[in-house]
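Read through the structure below, which is laid out as structure tokens, and then see the notes.
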Amino acid sequence: MIIAIDGPAASGKGTLAKRLADHLGFACLDTGLLYRAVARDVAARGFRLEDTWAAVATARGLDPLELEDPDLRGTAAGDAASIVARIPEVRAALLAYQRDFARRPPGAVLDGRDIGTVVCPDADVKIFVTATAEIRAKRRHCEFEARGAGVAYETVLTDIIARDTRDAGRPNAPMAVAADAMLLDTSNLSIEAAFDAAVGLITRKTGH
Ligand code: CDP
């Protein structure tokens, strides 16, 4: 079974995907980390993020096992990710890994921007997670505070709005709600309540 979770920046997709995967005994892939890692490695090699050749070569050589890097979670890494994510050949280079992952038995949960539309258009369940930009910024700001990263709330808000605009506006695999996706607005839901609501949606769709 494949569960596709998409949504804008800091919408809580990652937390939800992990909780669902644990609950169902499925594998879980945070696809944003792939783009974040490509951007990190392009910059580490001294290339500009807009350098298509460097970004594509890096994406083709990416070791998906090297995603456990706390620096990948920061604002700068997210921004950089959305720049390399605009390059169609970068997206193409990461596609096979994501699709193979999705086929892991007994099932997989993938979260990102284009899982329900491009990576796994045949996913059994598609959920698009939303929340207002202010609430998303507040939650992400709290996460940063907890990790001791001194980023102002206003900076986080500006960043997620800019990233959403870039992600929704790119011509190739833009962030979009799949025609058959179910919307989950978590603006007024705790993590627990969002998890319960998502389990309800999955049960309604699959009977599991
Ligand atoms: O956790 P957050 O929602 O802030 O971001 P993320 O899911 O880690 O994604 C970082 C960036 O990678 C996004 O802003 C997108 O530009 C890009 N991305 C994408 O293009 N396609 C995906 N399936 C996942 C992420």
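Whatever order the structure lists them in is the order used to number ligands and atoms, beginning at 1.
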Quiz item: So do the side chains of Val42 and Asp51 get within less than 4.5 Å of each other, counting heavy atoms only?
Solution: no

Quiz item: Please walk me through it: do Arg163 and Asp159 pass salt bridge (Lys or Arg N to Asp or Glu O under 4.0 Å)?
Solution: CA-CA 6 Å; Arg163 209 139 55 82; Asp159 172 71; 3.6 Å; yes

Quiz prompt | Any N/O pair Asp114/ligand 1 closer than 3.5 Å | solution = yes

Self-check item: Residue pair Arg136 / Ser11, side-chain donor-acceptor N/O under 3.5 Å
Solution: no

Practice problem: Looking only at protein heavy atoms, identify the closest one to atom 25 (C) of ligand 1 and say how far it is in Å. | Solution: Gly32 CA, 3.5 Å

Exercise. Answer yes or no: is there a side-chain heavy-atom contact under 4.5 Å between Tyr35 and Leu33?
Key: no

Self-check item: Between Thr186 and Arg139, a side-chain donor and acceptor under 3.5 Å
Solution: yes

Quiz prompt | Atom CG of Leu183: over 12 foreign heavy atoms under 6.0 Å | solution = yes

Quiz item: For atom 16 (O) of ligand 1, which protein heavy atom lies nearest, and how many Å away is it?
Solution: Asp167 OD1, 2.6 Å

Quiz item: Starting from atom 7 (O) of ligand 1, which protein heavy atom do you reach first, and at what distance in Å?
Solution: Arg113 NH1, 3.0 Å

Quiz item: Judged by non-hydrogen atoms, does Gly14 sit under 4.0 Å from ligand 1?
Solution: no

Quiz item: What residue among Asp114, Asp164, Thr165, Asp6 forms side-chain contact (heavy atoms from CB on, under 4.5 Å) with Met175?
Solution: Asp164

Quiz item: Does Arg170 have a heavy atom less than 4.0 Å from any atom of ligand 1?
Solution: yes

Exercise. Just need the protein heavy atom nearest to atom 24 (C) of ligand 1, so name the residue and atom and give the distance.
Key: Thr31 OG1, 3.4 Å

Exercise. Check the hydrophobic clustering (I, L, V, M, F, W, Y; side-chain heavy atoms under 4.5 Å; chains of links allowed) and say if Ile127 and Ile2 are grouped together.
Key: no

Quiz item: Quick one: which of Met175, Arg36, Arg136, Arg91 has a heavy atom closest to atom 19 (C) of ligand 1?
Solution: Arg91

Quiz item: Tell me: protein heavy atom nearest atom 17 (C) of ligand 1, and distance?
Solution: Ala85 CB, 3.8 Å

Quiz prompt | ligand 1 contacted by Arg86 (non-hydrogen, < 4.0 Å) | solution = no

Quiz item: So, for Ala17 and Ile5, which heavy atoms are closest and what is the spacing to 0.1 Å?
Solution: CB-CG1, 4.4 Å

Quiz item: When you measure from atom 10 (C) of ligand 1 to every protein heavy atom, which one gives the shortest distance, and what is it?
Solution: Arg163 NH1, 3.5 Å

Self-check item: Residue and atom name of the nearest protein heavy atom (relative to atom 18 (N) of ligand 1), distance in Å to one decimal
Solution: Tyr35 CD1, 3.7 Å

Self-check item: Any Arg140 heavy atom less than 4.0 Å from ligand 1
Solution: yes

Quiz item: At a non-hydrogen distance cut-off of under 4.0 Å, which region of Ala10 contacts ligand 1 (side chain, backbone, both, or neither)?
Solution: backbone

Quiz prompt | Ser82: numbered ligand 1 atoms lying under 4.0 Å from its heavy atoms | solution = 14 (O), 16 (O)

Practice problem: Could you tell me which non-hydrogen atom of Ala80 sits nearest to which non-hydrogen atom of Leu49, and how far apart they are? | Solution: CB-CD1, 3.6 Å

Quiz item: Does even one non-hydrogen atom of Lys13 get within less than 4.0 Å of ligand 1?
Solution: yes

